[in-house]
Amino acid sequence: MTKLQYRGVAYDTANHEQLSTEPVDHVYRGQHFDAAPRHEAAPVNTDVELQYRGQHYHHQQAEAGRQVNQG
């Protein structure tokens with residue numbers, strides 16, 4: 001699906017510039033990266049404890065799956 005709509009105006013994403021798949025050497029918040037801007041998402045690691053602004057979060061993929069399959 002490439003046809004999208006924003007505020008009633010249709011547009012085609014095929015005309016947009018695509019991110020490169022070539023690795024790019026860069027630094028973000030003091031961390032060094034050498035990865036392509038366009039890449040597949042990493043698989044979910046449910047063992048990792050997430051934190052955001054002092055709040056702890058846990059992956060809820062399994063719970064979401066159960067809710068979807070129930071009804």
Side-chain angles (χ1 to χ4, degrees):
M1 178 173 138
T2 58
K3 299 264 184 204
L4 299 175
Q5 225 178 35
Y6 178 73
R7 295 189 176 190
V9 177
Y11 64 95
D12 187 354
T13 58
N15 296 329
H16 293 191
E17 181 179 336
Q18 299 297 313
L19 293 174
S20 172
T21 56
E22 295 296 316
V24 177
D25 187 32
H26 62 285
V27 176
Y28 178 72
R29 294 189 176 189
Q31 292 277 20
H32 180 263
F33 295 94
D34 184 15
R38 183 178 186 163
H39 58 277
E40 295 298 320
V44 173
N45 182 350
T46 57
D47 296 332
V48 175
E49 182 178 308
L50 305 174
Q51 286 189 36
Y52 180 72
R53 295 186 177 185
Q55 297 289 324
H56 293 271
Y57 296 89
H58 298 281
H59 292 284
Q60 299 176 355
Q61 185 176 17
E63 177 62 26
R66 279 193 294 275
Q67 289 177 2
V68 168
N69 291 329
Q70 285 179 353

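- Gln18 is linked by a side-chain hydrogen bond (donor to acceptor under 3.5 Å, both in side chains) to Arg38, counting only residues two or more places apart in sequence or in another chain.
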Return all side-chain donor-acceptor pairs below 3.5 angstrom for residues 23-30, not counting sequence neighbours, or 'none' if the list is empty.
| unit_1 | atom_1 | unit_2 | atom_2 | d |
| --- | --- | --- | --- | --- |
| Asp25 | OD1 | His32 | NE2 | 2.4 |
| His26 | ND1 | Val24 | O | 2.9 |

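- Contact detail for Ala36 and Ser20: the closest heavy-atom pair is CB-O, 4.0 Å.
- In terms of the side-chain contact (heavy atoms from CB on, under 4.5 Å) criterion, residue partners of Gln51 (sequence neighbours excluded) are, by chain and number, Glu49, His56.
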